Amino acid sequence: MSSGEVIIIGSGFSGLATAALCAKQGFHVVVVEKNDQPGGRASVWKEGGFTFDMGPSWYLMPDVFERYFAEFGKKPEDLMNLVRLDPSYRVFFGEGDTMDIHADLNKNLANFDKMEENGAEKMKKYLESARYQYDIAMNEFIYKDYQHLTDFFNRKLVMEGAKLHMFDKLDHYAQRFFQNPKIRKILEYNIVFLGGTPYNTPALYALMSHVDFNLGVWYPIGGMGKLVEAFYKLGESHGVEYRFNEEVKKIEIEKKRAKKVVTNSDTYEADIFVVNADYAYAETQLLDKKHQTHPQKYWEGKSIAPSALLFFLGLNKRLDNLIHHNLYFHPDWEKHFDTIFKKPAWPDEPSYYVSCPSKTDDSVAPKDGENIFILVPVAPGLDDNPKIREIYYEKILGHLENLIKESIKDSVVVKRSFAHNDFSQLYNAYKGTALGFAHTLRQTAIFRPRHKSKKVQNLYYTGHYTHPGIGVPMVVISSQILSKVIGSEYNA
Ligand SMILES: Cc1cc2nc3c(=O)[nH]c(=O)nc-3n(C[C@H](O)[C@H](O)[C@H](O)COP(=O)(O)OP(=O)(O)OC[C@H]3O[C@@H](n4cnc5c(N)ncnc54)[C@H](O)[C@@H]3O)c2cc1C
């Protein structure tokens, strides 16, 4: 067992997951969080009888949570009521043009066969390769800390690299299998979850189709907040202490070692310091220049992942034509991607996502009401103001009403918008990013900011900027990688 004090700055999923793992190793852990609740990007907002998940809504890669909770001798089902969604989600290509993706793969294969000659056979091949990519990635690359280039560019990668399609782009790769642009969209959309586009993300991430079609889309009854609660309570049961409404203002360094953090109301000394807050913000705002491994200039040259314009809406009626997860893909979605990555601007004709968890879960809306969350991916760093949000509210709601042939606006009883300014204010997000650090090839694995500071010996980072990256499963893995590093360096 280890001993010593660990301070964790931030109680996002990765902060909570790291806290529980460090406490299990014997450390005394204090988590300091600026907001009034745990979860970070996965905060929960309750209003008028509605419970809104403010961030993640897709519980994907269930194997990752099984592996994490197994470290504590538990199964996810011991901690939450998890259900597999069926259909997994509905895609709207336009008015009257929809497709449901089912939990039963055979149903999906039959649909692909109708959309393209030999569609089922092609899809089987695509998924075989995606499963292979997933297995190799999970067993060889993802649960691994990268310190040196040789850790990444090793014999295995050279041997497997071609089969993993590491150096191809996802869209190009999908085109090798399918002509039908609708099928390609279904195989590519989830790259937005990783903060990228099919045009700038390595084809390795075709593995997300294995996640989508084979591992399935899950949901914890009560919402993603129940998953936050599971991590929070796990830490608590191992002695983790939480301090809410305390914002760290400074990490003080002496002789290349962090000594203490200063918050708006206290100071904490510790042996080990873990930053879960956004990496870019923490390096540039909490550390003096000489202690920054990645100063402002570094971030300016990087591809920052999208922000999002969100609407949380409570309706006083039920809707017939939405299911739990709904995606609208504009026929020319590339233009929207260009406004995110190439020429940052508010998109003219956006694709968007609508979550309606009240279709599965009575607890998140009053009786006969509907809980709706709309997400439009947008470039980070845009001018965000009430006027533009209102323009998009009218635009998206109008479009959605047409799409599902039901009125919505006249039934809205709870409404909140959320965008760049909120991401910055609530989470200290650099450029108001929702997702952190994009997954381009140059920002994958060894090329992501490291878990360990190069300048300060006992300062570490966890969460979506670090390897393996964006998404709840990924930041949980980040915590497992980091706690192993800490365990080995501090003699667990
Ligand atoms: C709208 C949206 C939808 C998403 N959808 C999905 C999805 O469906 N599925 C999925 O898997 N992923 C999804 N994601 C991504 C996923 O939510 C994130 O990758 C993940 O939650 C990030 O966790 P984290 O612990 O790295 O960081 P965060 O959640 O950002 O946690 C960092 C914490 O640090 C705190 N903090 C910041 N500064 C300070 C300070 N100075 N002092 C103290 N505390 C501080 C913040 O308040 C925050 O609580 C979504 C994200 C968003 C925003």
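Bear in mind the structure is a predicted one, so any value in this text is a computation, not a measurement. Only this structure's heavy atoms are used, side chains among them; waters, hydrogens and symmetry mates stay out. In each ligand, atom 1 is the first atom listed, and ligand 1 is the first ligand listed.
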Please classify the [X] to ligand 1 contact at 4.0 Å (heavy-atom distances, strictly less than): side chain, backbone, both or neither.
| X | answer |
| --- | --- |
| Val248 | both |
| Val472 | both |
| Ser14 | both |
| Tyr465 | neither |
| Tyr59 | neither |
| Lys249 | neither |
| Val32 | backbone |
| Ala434 | both |
| Asn35 | side chain |

(message) Taking distance alone, with N or O pairs closer than 3.5 Å, would you say Leu286 contacts ligand 1?
(response)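 No: no nitrogen or oxygen of Leu286 is under 3.5 Å from one in ligand 1.
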(message) Please report whether ligand 1 has a polar contact with Tyr427, defined as an N or O pair separated by less than 3.5 Å (distance criterion only).
(response)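 For ligand 1, there is no N or O atom that lies under 3.5 Å from one belonging to Tyr427.
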(request) Would you indicate whether the side-chain heavy atoms of Trp58 and Tyr89 approach each other to under 4.5 Å? (result)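 Result yes, sub-4.5 Å side-chain heavy-atom pair found.
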To check your reading of the model: name the closest protein heavy atom to [atom], its residue, and the distance in Å.
| atom | value |
| --- | --- |
| atom 36 (N) of ligand 1 | Ala277 CB, 3.8 Å |
| atom 47 (O) of ligand 1 | Glu33 OE2, 2.7 Å |
| atom 26 (O) of ligand 1 | His464 N, 2.9 Å |

Please state whether [X] comes within less than 4.0 angstrom of ligand 1, counting heavy atoms only.
| X | result |
| --- | --- |
| Phe418 | no |
| Leu375 | yes |
| Ala282 | no |
| Ala308 | no |

(message) For atom 2 (C) of ligand 1, which of the options Gly55, Gly469, Ala42, Ser355 provides the nearest non-hydrogen atom?
(response)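 Heavy atom nearest to atom 2 (C) of ligand 1 belongs to Gly55.
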(message) Ser478 and side-chain hydrogen bond (donor to acceptor under 3.5 Å, both in side chains): which single residue from Asn276, Thr466, Thr18 fits?
(response)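 Result: among Asn276, Thr466, Thr18, Thr466 is the only option passing the side-chain hydrogen bond (donor to acceptor under 3.5 Å, both in side chains) with Ser478.
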(request) State which residue, out of Asn428, Asn35, Asn264, fulfils the side-chain hydrogen bond (donor to acceptor under 3.5 Å, both in side chains) condition with Glu247. (result)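 Going through the options one by one, the only one that passes is Asn428.
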(message) Is the positively charged end of Arg67 above the ring of Tyr143, judged by distance under 6.0 angstrom from the centroid and angle within 45° of the axis?
(response)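 So Arg67 does make the cation-pi contact.
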(message) Does the Lys NZ or Arg CZ of Lys46 fall within the cation-pi geometry relative to Phe52 - under 6.0 Å from the ring centre and within 45° of the axis?
(response)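 Lys46 over Phe52 ring: no.
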(message) Rounded to the nearest 0.5 Å, what separates atom CD1 in Ile374 from atom NE2 in His399?
(response)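 One finds 11.5 Å between CD1 of Ile374 and NE2 of His399.
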(message) If I take atom CD1 from residue Ile446 and atom OG1 from residue Thr444, how far apart are they, to the nearest 0.5 angstrom?
(response)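 Here the interatomic distance stands at 11.5 Å.
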(request) Among Val275, Thr293, Asn458, find the one that has a side-chain contact (heavy atoms from CB on, under 4.5 Å) with Ser453. (result)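 Going through Val275, Thr293, Asn458 one by one, the side-chain contact (heavy atoms from CB on, under 4.5 Å) with Ser453 is satisfied by Thr293 alone.
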